[in-house]
Structures are given as structure tokens and as C-alpha cells.
S.K.: 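Sharing a structure, written as C-alpha cells. Questions coming.
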Amino acid sequence: MRFAPVLREVLWGGRNLERIAGRRLPPERPIGESWEIADFVDRTTGREHSSIIDNGPLAGRTIRQAAAELGPEFLGRSADAEGRFPLLVKYLDVVEPLSVQVHPDERSAAAIGNGAAAKSECWYILSAGEGGRLYRGVKPGTTAEQLRAAAGDGSIEALLLREPAVPGEAVLVPGGTIHAAAGVVALEFQQPSDTVYRLFDWNRTDPATGKPRPLQLEPALTAASLDRPPPPPTRFRGGFDAAATLIECPAFTVREIRSSGWYAPEWPGTEARVWAILRGKARIETVDGQSVEAKAGDVLLMPADMADFTAVSEGVLHVVEAVPR
Ligand SMILES: [Zn+2]
């Protein structure tokens, strides 16, 4: 099942999703995000995001409508307490630096209240420009006072842990981790939440309003865990026709699959999964004789009741698979 992407114009975005993910972009606008799979209500604004199905017999319906029509077998045990698919999947094109920001973890979201929701995110790096970099966490010993002062005088970058963005690597940004990035195109899997607190926005003015974007320094410092360094990046190691776990966190698992022509996943048939095709082209065939073509750039939701299937490709097929926990 594939969905109509929802593009978001942002001041830090670019045009790379055309080339890298095959998305059709409106001319001359900086596009930072393409939402590929969304099924949640933003608790801050009350707005519902439910992706629209783009192929097959349910084309035109939203995930919500499909879940109502198909019943609990559709999402299986992946459904959250509200019956929704608990992963938000996006392509990101971060050309200009992303604001220095933080999302709460479960503990600080509860402390902050006001509709704040926890968010951990995983970035799978697809491409990096010159100087492409990630910032995750703060240098050991950094205090909230230092961050407050450095956000004020613009020197906050010096307090952040910086690493190069390397294509093929996956990084986890656990809730509570202060982070930013620049010069990178990535696939992002995250807990569906729009709760974000900005500490610093690189002294920019938003061309849409002619004003700087608002900062939320004090809630950011409440949400941040300063003494928890993020785990190191991981990458696929292993042979063909195999799956390797890249990221495991309490909210989801992310794996990479590499196949040389024929791949049958171990499929419990009780949970829905995301398949993002990185490279190659495949025909995905189910045991009951249905099949769908998928190519690089496609992001698919494999329903829980899809049962056993095989992915048949001419040549290599690389897939990033995400499974809610
Ligand atoms: Zn973030």
C-alpha cells in the first residue's frame, strides 16, 4: 500500500527530493519534508494527519478509512491504543541548517503537559552535501545555564556534539536529545508527534513572515537530557538476502534488507511494517496471488494481514524496514 506524499515548504529545505526520492515538487520552492506515511492527531493543534492511499482497491481512502473498513487485521498488533499506525515516515531535505531543537521523551512530555508528546526519531542518511553534518547531544558537562547563555549569544553550536553525515548510516535521536543537521537528505522514522522546542534558529528571518521563528528555550531545557550521549551511528553489515538491525529503541526497530533477486521476509503476519525502497525495483507477491510493483523512492505500508510475501527483483534490492514495537 502506497500513499500520496504531502510536501512541506520550509526555509531550510531544498530541491533534492526530486532527484533522490523521485518526488514531483512545485517549482522553485524549498521543500524540506515529504510526509510519506502519517496517521495521527497533532495534539497541539488538534489537526488530523491521515495519509491518502494511492494504489490498489482502496485508492483515495485514508489510512483511517482503511482501518475502519478492514478491521483490526489491517494494522494487527502494530496499532496503538487509538487504533492508529504509530510511526510517521518522512523524507527530509535539510539544505540550510535545521534549527537547534529538542523533542521530549515520555518522562519530560508528562512533566511539560499541554499536549506535549514524546518523540524519538531515526534518520537513515541517503545523501550528504559538502559539509553535511548532524548534531546530536551536547558535549559532556554542558549545563542548562551554558545552553541558555549560548542560545542567547549565538555560540550554541560550540556546545553540540557534531558528526559528519554519512550516506548508508542510521542514527537514533532519542527523545530529550538536542539536535540539528545541515546538508543532508534522509529518510526519517519517528513517533508521530509535532512537539518540538527550538533553542536556536541560526539568527534567521522566516521569509514567510519577515520575522525570526519563535524559540521555546525554557521548555526545551526542561525536555533536554544533557547527560545522555546518543548511541553511535550504525550501518548495514552482512551479506545479501539478509536483514540487519540498524536501530532498536522502545518505539520502533529499523532494519536494512539487501537482496540479490529473491527475498522472503520472516513475517509473523501479526504486525504492519514500513518498507522504504532505497535501491532497485521489485515485484512484491503475496501467497494469495496479489502483486504490486515497487521502485526506489517508494515507501510502502505492508498491512499485518498481508501474510507471507516475496520480493522478486531484477538485480539488487535495498530496503529499509521499520516496525513499530
Ligand atoms: Zn527533530
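No hydrogens, no waters, no symmetry mates; every other heavy atom, side chains included, goes into these values. Just so you know, ligand 1 is whichever comes first in the structure, and atom 1 is the first atom listed for that ligand.
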S.K.: Is a side-chain donor or acceptor of Ser313 paired with a backbone partner of Val316 at a separation under 3.5 angstrom?
M.R.: no
S.K.: What I'd like to find out is whether the side chain of Leu301 reaches to under 4.5 Å of the side chain of Phe74, using heavy atoms alone.
M.R.: yes
S.K.: For the pair Trp35 and His49, name the ring-plane relationship: parallel under 30°, tilted 30 to 60°, perpendicular over 60°.
M.R.: tilted
S.K.: Taking Trp202's backbone N and O only, do any of them form a donor-acceptor pair with Arg204's side chain (distance below 3.5 Å, no angle check)?
M.R.: no
S.K.: Leaving out waters, which are not shown anyway, how many protein N, O or S atoms lie closer than 2.8 Å to the Zn ion (ligand 1)?
M.R.: 4
S.K.: Whether the side chain of Lys90 engages the backbone of Glu33 through a donor-acceptor N/O pair (distance < 3.5 Å, no angle test) should be reported.
M.R.: no
S.K.: Quick one: do the Gln191 and His103 side chains pair a donor with an acceptor below 3.5 Å?
M.R.: no
